[in-house]
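In what follows, chains carry the letters A, B, and so on, assigned in the order in which the sequence lines appear, proteins first and then strands, with residues in each chain numbered from 1. What you see is a predicted model, and the numbers here were worked out from it, not measured in a lab.
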Protein chains: 2
Amino acid sequence: MEIFLATISAINDETRVKILRFIDKNGEVCVCDIEKSFEMIQSRISRHLKILKDAGFLRVERRGRWAYYSIRSPLDKFRQNILEEISYLDIKLPILDKGCKNE
Amino acid sequence: MEIFLATISAINDETRVKILRFIDKNGEVCVCDIEKSFEMIQSRISRHLKILKDAGFLRVERRGRWAYYSIRSPLDKFRQNILEEISYLDIKLPILDKGCKNE
DNA sequence: ATTATATATCAAGATATATTGATATATAAG
DNA sequence: CTTATATATCAATATATCTTGATATATAAT
């Protein structure tokens with residue numbers, strides 16, 4: 001039940017649904033990319049990413065100064081269904097805006 | 001997005017997940033049955049049922065004094081997936097205890 | 001009509017979650 | 001070694017949600 005509710009509460013937030021869809025659409029992105037694209041402060045993005053990661057939707061890989069987030073693979077059927085459902089939503093996503101200074 | 005989040009927030013609560021599974025398992029039940037089975041006060045049950053109904057999981061049919069709730073049919077693929085996922089959870093459900101005095 | 005049962009809804013307080021700004025840590029560049 | 005960039009986390013506040021008890025409405029039985 002705890003895992004199920006962690007999964008559900010992770011997507012029970014409009015910002016996180018958008019971030020999740022953004023990563024699903026753009027592939028691997030780092031925190032500053034999302035920060036710049038969404039025009040939200042870093043701590044807010046970082047916190048949402050942690051929740052999505054802990055809920056099993058994302059994986060993170062650190063390279064240099066950067067933390068690259070992407071959809072976790074393999075993804076179980078239920079989370080796949082959720083991603084698919086989100087892809088059907090009529091969401092106005094920001095376009096990817098690289099926010100990192102020296103990549 | 002509003003409909004998606006209403007669906008998700010409806011199942012983002014342990015009590016509602018249990019009630020939903022209870023109805024899925026037992027079929028049509030009235031509010032007093034759930035009240036008695038779950039040993040929760042009526043207003044609490046009633047409120048949760050309304051949320052599950054508004055989120056498209058349940059239908060209600062009034063007969064006499066009673067309001068009978070059951071899984072809405074037909075149910076779209078996404079909500080079916082959610083019900084299926086909930087059915088896999090290891091939940092300790094109460095057994096159906098008919099709470100109505102004169103049915 | 002009066003009383004009992006069933007259900008819904010409201011207002012108040014309790015609890016949980018989100019946002020912000022500040023701080024801490026780590027890597028890389030100069 | 002010092003500075004800039006990237007990220008994570010914490011504490012305070014703001015906002016949303018849940019629970020409870022009270023009240024309102026409707027049906028049925030006496």
Side-chain angles (χ1 to χ4, degrees), chain A residues 1-2 4-20 22-23 28-55 58-70 96-103, chain B residues 1-2 4-20 22-23 28-55 58-70 96-103:
Chain A
M1 176 69 94
E2 293 74 35
F4 176 80
L5 285 179
T7 305
I8 295 304
S9 62
I11 52 166
N12 189 31
D13 179 277
E14 185 163 352
T15 302
R16 282 195 294 272
V17 170
K18 286 182 177 173
I19 291 174
L20 191 55
F22 184 81
I23 296 174
E28 196 182 56
V29 291
C30 65
V31 182
C32 46
D33 293 340
I34 306 178
E35 189 185 346
K36 188 85 184 300
S37 305
F38 280 82
E39 295 178 291
M40 289 178 185
I41 64 174
Q42 181 268 326
S43 66
R44 185 176 171 187
I45 299 293
S46 185
R47 186 178 183 280
H48 284 313
L49 287 170
K50 181 178 166 51
I51 290 169
L52 287 168
K53 177 171 70 69
D54 291 349
L58 300 179
R59 75 190 198 97
V60 59
E61 191 189 333
R62 292 194 144 275
R63 292 202 297 275
R65 278 175 281 177
W66 295 276
Y68 293 92
Y69 283 86
S70 54
L96 179 57
D97 190 350
K98 301 296 285 179
C100 318
K101 297 286 167 61
N102 314 293
E103 199 171 1
Chain B
M1 177 69 97
E2 292 74 35
F4 176 79
L5 285 178
T7 305
I8 295 304
S9 63
I11 51 166
N12 189 32
D13 179 278
E14 186 163 351
T15 302
R16 282 196 294 271
V17 170
K18 285 182 178 173
I19 291 175
L20 192 54
F22 184 80
I23 296 174
E28 196 181 57
V29 290
C30 65
V31 181
C32 46
D33 292 340
I34 305 178
E35 188 185 346
K36 189 86 184 297
S37 304
F38 280 80
E39 294 178 292
M40 289 178 184
I41 63 174
Q42 181 267 325
S43 65
R44 184 175 171 188
I45 300 293
S46 185
R47 185 180 184 278
H48 285 313
L49 287 170
K50 180 178 168 52
I51 291 169
L52 287 168
K53 177 170 71 71
D54 291 349
L58 300 179
R59 73 187 199 99
V60 59
E61 191 189 333
R62 293 194 143 275
R63 290 201 298 273
R65 277 175 283 178
W66 295 276
Y68 292 92
Y69 283 85
S70 53
L96 178 57
D97 190 350
K98 302 295 285 179
C100 318
K101 297 288 167 60
N102 314 291
E103 198 169 0

Specify the separation, in whole Å, of atom [atom1] of [X] and atom [atom2] of [N].
X: A:E61; N: D:dT7; atom1: CD; atom2: P; answer: 13 Å
X: B:L5; N: C:dA18; atom1: CG; atom2: P; answer: 11 Å
X: B:D33; N: C:dT5; atom1: CG; atom2: P; answer: 16 Å
X: A:K36; N: D:dT5; atom1: NZ; atom2: C1'; answer: 14 Å
X: A:R62; N: D:dT7; atom1: CZ; atom2: P; answer: 7 Å
X: A:L49; N: D:dA6; atom1: CG; atom2: C1'; answer: 13 Å
X: A:E39; N: C:dT19; atom1: CD; atom2: C1'; answer: 17 Å
X: A:I34; N: D:dT7; atom1: CD1; atom2: C1'; answer: 12 Å

If we only count heavy atoms from C-beta on, is the B:H48 to B:I34 side-chain gap below 4.5 Å?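 Heavy-atom side-chain distance check fails, nothing below 4.5 Å.
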Would you please name every residue forming a side chain to side chain donor-acceptor pair (under 3.5 Å) with [X], sequence neighbours left out?
X: B:S9; answer: none
X: B:S37; answer: none
X: A:E28; answer: A:R63

Restricting to salt bridge (Lys or Arg N to Asp or Glu O under 4.0 Å), what partner residues turn up for B:K53, sequence neighbours left out?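 Partners of B:K53 by the salt bridge (Lys or Arg N to Asp or Glu O under 4.0 Å) criterion come out as none, since no residue qualifies.
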Do nucleotides 16-27 of chain D as a string where each nucleotide becomes B, S or -: B if the base has a protein heavy atom under 4.0 Å, S if just the sugar-phosphate does, - if no protein is that close. --BBBBB----B
Per the salt bridge (Lys or Arg N to Asp or Glu O under 4.0 Å) rule, what does the pair list look like for residues 39-48 of chain B, sequence neighbours excluded?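 Matches after skipping sequence neighbours: none remain.
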Under 4.0 Å between a side-chain N or O of B:Y69 and OP1 or OP2 of C:dA6?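 Result: no.
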Which of these nucleotides, D:dT7, D:dT9, C:dT7, is closest to any side-chain atom of A:W66?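 Of D:dT7, D:dT9, C:dT7, D:dT7 is nearest to the side chain of A:W66.
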